[in-house]
Amino acid sequence: MADSTDAGTLRRRVIVRGRVQGVFFRDTVRRQAVAHGVSGWVRNLADGAVEAVFEGDAGGVAALVEFCHSGPPSARVSAVEIWEEQPAGLTSFSIKSLRNPFH
């Protein structure tokens, strides 16, 4: 396992706005993350947006951020906000519940 301080490990937090809930956005992001070897999580927000954290190598993280600009076929993304963060050493990808943000 790579140390979270490795120069090759990146972490990005994204907020995706638009028609992004009820269109399998979270599960599609999860499947994309697994396919790209990216760790992190994704959850719906109360305001209708989707929030996600991606942590992994530069190529995998970039692919997930790029995917968020379009999402699955039924999604209609209107805006994507992106923040750089320090890697936290995440080792898996999960879908978090709105009711339990610490899941």
Side-chain angles (χ1 to χ4, degrees):
M1 178 177 91
D3 184 328
S4 65
T5 60
D6 284 350
T9 301
L10 301 178
R11 179 178 168 115
R12 298 292 181 266
R13 180 179 304 266
V14 298
I15 303 286
V16 185
R17 300 190 187 284
R19 183 173 172 248
V20 294
Q21 290 188 14
V23 294
F24 297 101
F25 202 99
R26 292 177 302 159
D27 189 58
T28 306
V29 165
R30 182 193 59 77
R31 286 186 278 122
Q32 291 285 321
V34 170
H36 289 289
V38 172
S39 298
W41 52 264
V42 62
R43 69 178 172 185
N44 286 340
L45 297 177
D47 68 358
V50 169
E51 178 182 24
V53 167
F54 305 126
E55 195 169 297
D57 67 59
V61 170
L64 268 291
V65 170
E66 181 63 29
F67 175 79
C68 285
H69 283 84
S70 58
S74 298
R76 296 295 174 260
V77 175
S78 62
V80 178
E81 302 166 39
I82 306 163
W83 293 271
E84 293 183 21
E85 296 182 345
Q86 289 291 70
L90 300 177
T91 59
S92 63
F93 199 91
S94 64
I95 296 175
K96 289 187 176 186
S97 166
L98 179 62
R99 282 176 264 188
N100 182 5
F102 302 104
H103 165 139

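Quick note: numbers below take in every heavy atom, side chains included, and nothing from hydrogens, waters or symmetry partners.
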| task | Only counting residues at least two apart or in another chain, list the ones meeting side chain to side chain donor-acceptor pair (under 3.5 Å) with Gln32. | result |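 Partners of Gln32 under the side chain to side chain donor-acceptor pair (under 3.5 Å) test: none.
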| query | Would you say Val23 and Val14 are hydrophobically clustered, going by side-chain heavy atoms of ILVMFWY under 4.5 Å? | reply |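 Same cluster.
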| query | Would you say Leu90 and Val34 are hydrophobically clustered, going by side-chain heavy atoms of ILVMFWY under 4.5 Å? | reply |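 Different clusters.
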| request: Test Val29 against Val16 for side chain to side chain contact (heavy atoms under 4.5 Å, CB included), laying out the working first. | output: CA-CA 12 Å; Val29 165; Val16 185; over 6 Å; no
| field | Pairs satisfying side-chain hydrogen bond (donor to acceptor under 3.5 Å, both in side chains), at least one member in residues 73-85, at least two apart | value |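 Checked against side-chain hydrogen bond (donor to acceptor under 3.5 Å, both in side chains) - neighbours excluded - the pairs reaching residues 73-85 are Arg11-Glu85, Arg13-Glu85, Arg17-Glu81.
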Which pair of heavy atoms, one from [X] and one from [Y], lies closest together, and at what distance?
| X | Y | value |
| --- | --- | --- |
| Val50 | Gln21 | CG2-CG, 4.2 Å |
| Pro72 | Thr28 | CB-OG1, 3.8 Å |
| Phe93 | Ala33 | CD1-CB, 3.5 Å |

| task | Test Glu51 against every option in Arg26, Arg43, Lys96 by the side chain to side chain donor-acceptor pair (under 3.5 Å) rule and name the one that passes. | result |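 Running side chain to side chain donor-acceptor pair (under 3.5 Å) over Arg26, Arg43, Lys96 with Glu51 returns exactly one hit, Arg43.
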| For the atom pair CG (Asp57) and NE2 (His36), what is the distance rounded to the nearest 0.5 Å? |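 Taking CG in Asp57 and NE2 in His36, the distance rounds to 10.0 Å.
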| Asn44 and Phe25, any side-chain heavy atoms less than 4.5 Å apart |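 Answer no - side chains too far apart.
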Mind listing the side-chain donor-acceptor pairs of residues 60-70 below 3.5 Å, one per line with the distance, residues two or more places apart or on another chain?
| from | atom 1 | to | atom 2 | distance (Å) |
| --- | --- | --- | --- | --- |
| His69 | ND1 | Val65 | O | 3.0 |
| Ser70 | OG | Phe67 | O | 3.4 |

| query | Which pairs with one or both residues in residues 28-41 pass salt bridge (charged side-chain N to carboxylate O under 4.0 Å, His left out), sequence neighbours excluded? | reply |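 Every pair satisfying salt bridge (charged side-chain N to carboxylate O under 4.0 Å, His left out) with a residue in residues 28-41: Asp27-Arg30, Asp27-Arg31.
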